[in-house]
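Worksheet: one structure, shown below.
Each chain gets a letter, A, B and so on, in the order the sequences are listed, and its residues count up from 1.
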Protein chains: 2
Amino acid sequence: MGEATIRDVARKAQVSVASVSRALNGLDHVSEQTRAKVAAAARDLGYVPHAGARSLSLARTNAIGVLLPDVHGEFFSEIVRGMDVEANRRGYLLLLANMHAGSAQAKAALQAMRGRVDALVVMAPHLDRAAISRALPQASRAVLINAPANVRSHSNIRIDNHAGVRAVIKHLKAIGRSRMVYVGGPSHNLDAQERAAAFASASSADERILASGDFSVESGNAAVRGLIEAGERFDAVFAANDMMAIGAIQALRAAGLRMPEDVAVAGFDDVPLAEHLELTTVRVRIAELGARALSRLITMLENGAAEPVSELHSPELVIRRSTVPNA
Amino acid sequence: MGEATIRDVARKAQVSVASVSRALNGLDHVSEQTRAKVAAAARDLGYVPHAGARSLSLARTNAIGVLLPDVHGEFFSEIVRGMDVEANRRGYLLLLANMHAGSAQAKAALQAMRGRVDALVVMAPHLDRAAISRALPQASRAVLINAPANVRSHSNIRIDNHAGVRAVIKHLKAIGRSRMVYVGGPSHNLDAQERAAAFASASSADERILASGDFSVESGNAAVRGLIEAGERFDAVFAANDMMAIGAIQALRAAGLRMPEDVAVAGFDDVPLAEHLELTTVRVRIAELGARALSRLITMLENGAAEPVSELHSPELVIRRSTVPNA
DNA sequence: GCGGGCCATGTAACCGGTTACGCTGCCGGC
DNA sequence: GCCGGCAGCGTAACCGGTTACATGGCCCGC
């Protein structure tokens with residue numbers, strides 16, 4: 001025995017389905033008496049409108065689809081949290097799908113969303129421009145997050161990695177550091193690529209030492225330990241993310257080097273732990289990025305189409321004791 | 001101009017909608033010729049089936065609703081990730097909703113899910129038994145996570161906090177510790193309550209010192225610093241979560257105490273950082289908890305109803321150097 | 001040669017809502 | 001007293017799929 005439908009309510013209240021619909025949705029042209037009868041019948045039957053059917057006839061779902069790659073941990077969680085908050089605030093639900101594998105799965109996920117969502121937020125660092133414009137619906141129904149900068153077909157909200165890196169380098173130079181180690185992230189990661197490129201273009205060959213890791217604490221530790229053991233001299237370490245910076249700090253401490261006096265350390269992301277470790281870093285408000293993407297999308301939906309816009313989120317430099325003693 | 005519908009495809013392929021449906025769903029009783037015509041027409045029109053309409057007529061959505069409280073960070077993300085992986089594996093989508101405020105919002109979220117999902121995963125530590133059985137659909141369509149143990153109306157998947165705490169205490173005693181500090185979590189948190197109760201029942205008054213924090217690093221640091229300054233003697237610290245354990249370690253280090261020789265430290269949760277800090281802790285596989293909940297739900301859906309089951313997830317003690325020097 | 005059965009296909013009802021449109025009855029203005 | 005307008009309500013079409021049932025053609029066995 002299934003749940004009650006609007007026709008059951010209509011029968012019980014002795015009115016037509018149209019009146020039930022009007023009454024429950026608070027529309028005009030319904031007498032107070034009818035309204036009351038309907039409300040009573042609905043309550044008695046425990047009637048809950050069938051959102052699926054409603055969407056079908058309204059051609060509107062009040063849901064936003066979110067397509068994410070297989071990101072682990074912090075980033076994934078924060079971005080979803082930000083979207084969730086904003087969705088909740090504006091009365092939308094989030095339909096989540098991950099695409100672990102290649103574009104075949106992405107396509108399947110996209111298809112599964114058809115008719116269940118009003119629009120999409122897609123985070124697809126590994127899809128190229130052609131794939132994106134082929135698979136996605138019109139521009140007004142989708143927003144990309146951290147897609148390659150050259151995508152122009154859809155709105156694209158990105159982190160300004162260049163600005164963040166430049167800010168760190170400027171800060172390190174301002175405090176008199178002249179020989180910086182840069183610990184890069186995994187080369188397949190778009191943010192890692194952008195940060196590395198920014199570092200390369202904002203520093204000169206004689207003031208930098210390049211190392212690389214995979215965004216893990218251990219890889220940061222290993223990279224810096226290796227340089228110390230190799231006898232390299234440097235007065236600053238800039239890791240492409242906070243986790244590697246934490247590893248770097250461990251390595252410095254193990255080698256008996258003082259921070260920041262001997263070596264200043266900076267990271268990128270401002271994970272919650274960075275504050276407790278007093279790590280200078282670049283604050284990327286990931287949740288805000290997600291909230292922003294969703295907000296933009298909903299606004300586009302409600303105000304009708306608009307030109308696709310590429311929006312850069314400028315991160316903020318947070319100076320702490322890992323670079324400035326009395327910060 | 002909207003997207004193509006099944007009737008458009010039928011018209012273009014010069015067959016009936018029934019044949020299109022059968023062909024695209026790979027059913028029998030369709031000639032190869034028709035199948036090909038339909039496939040061609042669908043491709044030409046860029047036809048994507050309308051999942052919403054499909055669900056309506058099938059009375060099946062292939063989606064699972066997830067209702068979460070306003071949890072921040074790690075826990076939220078891990079549990080969603082675990083569910084997502086499992087959902088993906090079994091061909092389901094996840095519909096996410098948060099209930100920030102009270103039960104009014106929870107009710108609204110539940111209603112919004114009607115007709116869009118086949119079943120629900122509800123994490124509702126603050127809802128009591130009555131509220132749960134009133135608001136939720138039949139038992140076979142919902143699984144709870146970390147609901148109070150006395151809820152019997154629905155399946156309930158919980159972390160076995162008691163077992164985890166007992167394992168830690170047993171371990172600490174086995175390595176000869178006889179005076180333990182317990183740093184409890186915030187009293188409104190269900191896990192904190194259970195862990196505190198377990199600690200109280202598994203230790204005796206003369207071997208424990210109670211302190212409390214709020215699950216943050218800083219609160220763990222403050223609690224232990226306070227005890228040291230007050231001149232308390234102890235040879236072990238057991239924090240109700242890893243974050244506070246990290247704070248405790250900072251405080252011990254600042255006081256010049258050796259770990260584990262002078263004071264052994266243990267936490268709870270096994271956050272990623274615990275491994276790098278070599279912290280003995282209780283591993284709670286949160287993602288696995290989410291995956292398990294989803295898996296159970298889908299199995300119930302597909303095999304028809306079953307008795308509601310309360311499942312306890314036994315966490316695992318992970319011994320590291322914060323308690324055993326050569327671990 | 002004829003009837004039964006099966007296969008391919010089409011028609012139309014149905015899922016559970018919304019809503020255009022038509023009808024009735026009442027009111028007020030002339 | 002008549003008519004236009006509007007409030008209240010109901011009927012039925014529609015959203016875009018699936019599918020029960022009907023139909024017609026063909027093959028086969030007798």
The helix from C/dG1-D/dC30 to C/dC30-D/dG1: angle between terminal helix axes, five bp per end, to the nearest 10 degrees, reads 50°
Across all chains, not counting sequence neighbours, the side-chain hydrogen bond (donor to acceptor under 3.5 Å, both in side chains) partners of A/Ser314 are none
Residues passing the side-chain contact (heavy atoms from CB on, under 4.5 Å) test with B/Leu56, sequence neighbours excluded, are A/His50, A/Ala53, A/Leu56
Contacts of A/Arg296 meeting side-chain hydrogen bond (donor to acceptor under 3.5 Å, both in side chains) (sequence neighbours excluded), chain-then-number -> A/Glu311
Readout for nucleotides 13-18 of chain D: B = base within 4.0 Å of protein heavy atom, S = sugar-phosphate only, - = neither; 5' to 3' it is --BBBB
Taken to the nearest whole Å, CD/A/Gln14 to C1'/D/dG8 is 17 Å
Atom CZ of A/Arg60 and atom P of C/dT19 are separated, to the nearest Å, by 12 Å
Does C/dT11 have its OP1 or OP2 closer than 4.0 Å to a side-chain nitrogen or oxygen of B/Ser16?
no
Distance-only check: which donor-acceptor pairs under 3.5 Å involve side-chain atoms of residues 7-14 of chain B, not counting sequence neighbours?
residue	atom	partner	partner atom	Å
B/Asp8	OD1	B/Arg11	NH2	2.8
B/Asp8	OD2	B/Thr5	N	2.9

Across all chains, not counting sequence neighbours, the side-chain hydrogen bond (donor to acceptor under 3.5 Å, both in side chains) partners of B/Asn156 are none
For B/Arg152, the salt bridge (Lys or Arg N to Asp or Glu O under 4.0 Å) test, sequence neighbours excluded, returns none
Per the under-4.0 Å heavy-atom filter, residues of residues 32-42 of chain B near DNA chain C come out as B/Thr34
For residues 29-38 of chain B, dump all side-chain donor-acceptor pairs below 3.5 Å to protein atoms at least two apart in sequence or in another chain.
residue	atom	partner	partner atom	Å
B/Ser31	OG	B/Thr34	N	3.1
B/Ser31	OG	B/Thr34	OG1	3.0
B/Arg35	NH2	B/Leu27	O	3.0

Taken in chain and number order and not counting sequence neighbours, the residues that satisfy salt bridge (Lys or Arg N to Asp or Glu O under 4.0 Å) with B/Arg22 are none
Residues at least two apart in sequence or cross-chain that pass side-chain hydrogen bond (donor to acceptor under 3.5 Å, both in side chains) with A/Asp118, listed by chain then number, are A/Thr61
Decide yes or no on side-chain hydrogen bond (donor to acceptor under 3.5 Å, both in side chains) for A/Arg90 and A/Thr299, but give the supporting numbers first. CA-CA 10 Å; A/Arg90 315 220 359 196; A/Thr299 303; 3.3 Å; yes
To the nearest angstrom, the CG-C1' distance between B/Asp28 and C/dC6 comes to 13 Å
